[in-house]
Amino acid sequence: MNALKAMQLEIEDIDFIRRDEGVVLSIFCDNPEPGADGPGCSVEVLDEWGGRWIERRFDGDTFAQSLHRARIACQENRMDRQAKQLATETQRPQRKADDNG
C-alpha cells in the first residue's frame with residue numbers, strides 16, 4: 001500500500017471515530033522501544049461504552065493498526081447502541097388513535 005493510500009485510510013478512521021458528538025480521540029506519541037516496554041503506538045477514545053462515558057485504549061505495532069482497532073471497536077459499539085435503542089423503541093406500547101378525529 002502506498003503512503004498516500006495509507007494516510008487516506010487513517011483519516012477515514014479518524015473521521016469515523018470522531019463522528020458522534022462528544023467523542024474524543026487522543027493520540028499518544030510512539031514508544032521508542034516497543035515490545036518489552038509496551039506497544040509501539042496507542043490511541044484512546046472517550047465515548048459512551050456500555051452506557052457510561054469512559055476512555056478505552058487501543059494498542060498496535062503501528063499508528064494505523066491502533067487507530068483501526070479503535071475504529072472497529074467504535075463501529076461495534078455504535079451498532080450495539082443502535083440495536084438497544086431499536087429494541088427499546090419496539091417494546092414501547094403503541095398509542096391508540098384518538099377516536100374523536
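Residues take their numbers from the sequence shown, with the count starting at 1. The structure presented is a predicted model; accordingly, all values stated were derived computationally and were not measured.
For Ala73 against Trp49, the heavy-atom pair with the smallest separation is O-CZ3, 3.6 Å. Across all their heavy atoms, Pro39 and Gly60 have their closest contact at CB-O, 4.0 Å. The two residues Ser66 and Asp59 come nearest to each other via the heavy atoms CB-C, 3.7 Å. Minimum heavy-atom separation, Ala70 to Val43: CB-CG2, 3.8 Å. Counting all heavy atoms, side chain and backbone alike, Arg81 lies closest to Glu48 at NH1-O, 2.9 Å. Of all heavy-atom pairs between Trp53 and Leu46, the closest is CZ3-O, 4.0 Å.
Annotation: salt bridge (Lys or Arg N to Asp or Glu O under 4.0 Å) contacts of Arg78 (sequence neighbours excluded): Asp20.
Note that the CG atom of Asn77 and the CD atom of Gln82 stand 10.0 Å from one another [nearest 0.5 Å]. The line from CD of Glu44 to CD1 of Ile54 is 10.5 Å long, rounded to the nearest 0.5 Å. Summarising the geometry, atom CG belonging to Leu67 is positioned 11.0 Å from atom CD belonging to Glu12; distances are rounded to the nearest 0.5 Å. Between the CG atom of Leu9 and the CD1 atom of Ile14 there is a distance of 11.0 Å, given to the nearest 0.5 Å. Distance CD/Gln75 to CG/Asp80: 11.0 Å, rounded to 0.5 Å. Of the inter-residue distances, the one linking Leu25 atom CG with Ile17 atom CD1 reads 5.0 Å to the nearest 0.5 angstrom.
You'll find the side chain of Asp15 stays beyond 4.5 Å of the side chain of Arg19, heavy atoms only.
By the rule that hydrophobic residues join a cluster once side-chain heavy atoms approach within less than 4.5 Å of another member, Ile27 and Ile11 end up as members of separate clusters.
Cation-pi geometry between Arg69 and Phe58 is not met: the NZ or CZ atom fails to fall both under 6.0 Å from the ring centre and inside 45° of the normal.
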